[in-house]
Number of protein chains: 2
Amino acid sequence: MSRQGLSSVSSSKLADFVSVNPWQIRKDFSYFGDFGTRGVGYDIENLAKQIKKILKLDTTRKTALVGVGNLGSAIMAYTGFGTYGFQITAAFDNDPAKIGRKMNDVAVENISMLDTLGKRQVDMAIIAVPEQAAQDVADALVRAGVKGILNFSPRRIVVPKKIKVITIDIATDLARLPYYIP
Amino acid sequence: MSRQGLSSVSSSKLADFVSVNPWQIRKDFSYFGDFGTRGVGYDIENLAKQIKKILKLDTTRKTALVGVGNLGSAIMAYTGFGTYGFQITAAFDNDPAKIGRKMNDVAVENISMLDTLGKRQVDMAIIAVPEQAAQDVADALVRAGVKGILNFSPRRIVVPKKIKVITIDIATDLARLPYYIP
DNA sequence: TAGTGCTTGTGAACACAATCACAAAGTCAT
DNA sequence: ATGACTTTGTGATTGTGTTCACAAGCACTA
Ligand SMILES: NC(=O)c1ccc[n+]([C@@H]2O[C@H](COP(=O)([O-])OP(=O)(O)OC[C@H]3O[C@@H](n4cnc5c(N)ncnc54)[C@H](O)[C@@H]3O)[C@@H](O)[C@H]2O)c1
Ligand SMILES: NC(=O)c1ccc[n+]([C@@H]2O[C@H](COP(=O)([O-])OP(=O)(O)OC[C@H]3O[C@@H](n4cnc5c(N)ncnc54)[C@H](O)[C@@H]3O)[C@@H](O)[C@H]2O)c1
């Protein structure tokens, strides 16, 4: 909306957009503060800024990728992370054939260099290695000071409580579809 | 557990495994029927069968892939869909250079062949095309009789109410991490 | 068969989230 | 300045899902 030159938006416009009720929008916003102006609506620029602040998306963050295989290569090629201020600034693999290859200005490093992440201010990582290796990689990432992990392997990985792990299992997501198919 | 030769399991074992309370497990199961035996627990084989039935995962299903680019190639190479009885039996692209290429015994077809899916008993599809093309592809899939769509493009796609769409936006999932990082 | 030890299944109590209805606060035209 | 019109913010209400506590049921032993 900001890009379209609009300056303010009402709760019912927002509600239509995400298919919920206007009062749900207003109630949710009100838990965090008074963002709107009565009779007018919400200032788009300011609203976006406030939401980014609440979700801690108001700073750019460096992210590492571990495992540059089929999925890892796709992720390295993906440009959509910039939307939220993320940069993939490091990639690691244990396959000598892949180490040194460059994609999107990032060179693939040897997995043994993982412990340099702390010094490089990288605090998030994406795991895209075979599931047998996932736990070992997670342990190494935690030792390197990473605070958040996006895990694509279909395996529960165990980390200290302070570390947040989000697991995406594409097969499980696909498995949600049949329930809705007659 | 079945593979490990175990025959029955208690609600508290299951609860530990997925990090919830035992009574939550029992309550949820009880909404669908009496699966367990008091004093013993749940028969693993039967429990798995019942859950598969509830989630409609008790039949094998054919799935089509549209868009054999970076992400699409990774998905075609992925073997994890078999767990839930899914088979990727068709793949489509509009790039002549990709049409005809074979991966995992599936040949990439011209996107114009999409309307043959109905006759081939394919009722689910995965969209992995650029976001500008996502809506057009979705429309074509619906016309071809597909009932469920897994959408990887970061775009809201509009379909008839009868059709179920699940959208996975990897960047948005990654964007959930900073909130938990101090 | 009676007793002991487990584990399930579930009504009741509770906590939380969604919904409603409306006062408060702004805009705009006259 | 006033009145008509919008739109927000929120206490009160309703609805839904989670948690609790315990009776009911089964296995095993003697
Ligand atoms: N491909 C998909 O569409 C898909 C979908 C869902 C989940 N996954 C999961 O994502 C993960 C990766 O899938 P993929 O298809 O890219 O596999 P892949 O085999 O193509 O890639 C794995 C990469 O990890 C590297 N690797 C292996 N062990 C390593 C280690 N100890 N340290 C560093 N690097 C190591 C390999 O050299 C390889 O480059 C798997 O766990 C898979 O189950 C993949
Ligand atoms: N690569 C990632 O890691 C990643 C992550 C999240 C989301 N996505 C999304 O997934 C989608 C695909 O990403 P990608 O990186 O594989 O892109 P890509 O450009 O590598 O692949 C897109 C493929 O779709 C084909 N295509 C284009 N228009 C088509 C049409 N009308 N009909 C049929 N095929 C068509 C192209 O020929 C190409 O092979 C994009 O929407 C992207 O935003 C990708």
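If you're wondering where the values come from, they're calculated on a predicted model, not measured in any experiment. Within every chain, numbering begins at 1; the chains are lettered A, B, ... in the order of the sequence lines, protein sequences first and strands thereafter.
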Tell me what [X] touches on the nucleic acid: a base, only sugar-phosphate, or nothing, going by heavy atoms under 4.0 Å.
| X | answer |
| --- | --- |
| B:F35 | sugar-phosphate |
| B:Y42 | sugar-phosphate |
| B:F32 | nothing |
| B:S12 | nothing |

Say whether A:S2 and A:E45, considering side chains only, have a donor N or O and an acceptor N or O under 3.5 Å apart. yes

Donor + acceptor pair across side chains of B:T116, B:R120 (<3.5 Å):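 A pair is found: one side chain offers a donor N or O, the other an acceptor, under 3.5 Å apart.
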
First of B:G39 and A:D28 reached from the 5' end of DNA chain C, by closest nucleotide: B:G39

So, are B:D123 and B:K62 salt-bridged, with charged N and O less than 4.0 Å apart?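 No, this pair does not count.
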
Check the pair B:T172, B:R176 against side chain to side chain donor-acceptor pair (under 3.5 Å), reporting the backbone distance first and the verdict last. CA-CA 7 Å; B:T172 302; B:R176 291 172 51 205; over 6 Å; no

Starting at [atom1] of [X] and ending at [atom2] of [N], how long is that distance when rounded to a whole Å?
| X | N | atom1 | atom2 | result |
| --- | --- | --- | --- | --- |
| B:K27 | D:dA21 | NZ | P | 14 Å |
| B:R26 | D:dA21 | CZ | P | 13 Å |
| B:I25 | D:dT18 | CD1 | P | 12 Å |
| A:Q24 | D:dT8 | CD | P | 15 Å |

Counting just side-chain N and O atoms, does A:S10 come under 4.0 Å of either OP1 or OP2 of D:dT7?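 Indeed not, no polar side-chain atom of A:S10 lies that close.
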
What protein N or O atoms touch nucleotides 13-16 of chain D N or O atoms at under 3.5 angstrom, if any, and at what distances?
none

Closest to the B:W23 side chain, choosing from D:dA12, D:dC20, D:dC22: D:dC20

Outermost nucleotides of DNA chain C that come under 4.0 Å of a non-hydrogen atom of chain B: C:dC6 to C:dA12

Verify the ring-centre separation between A:F32 and A:F29: is it less than 6.0 angstrom? no

Side chains of [X] and [Y] in contact at under 4.5 Å (non-hydrogen atoms):
| X | Y | answer |
| --- | --- | --- |
| A:R61 | B:I181 | yes |
| B:F152 | B:I127 | no |
| A:W23 | A:D28 | no |

Let me know, please, whether B:N21 or A:T37 comes out on the 5' side of the other along DNA chain D by nearest nucleotide. A:T37

Can you name the closest pair of heavy atoms from A:P154 and A:D169 and give their distance?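 Residues A:P154 and A:D169, closest heavy atoms: CB-OD2, 3.4 Å.
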
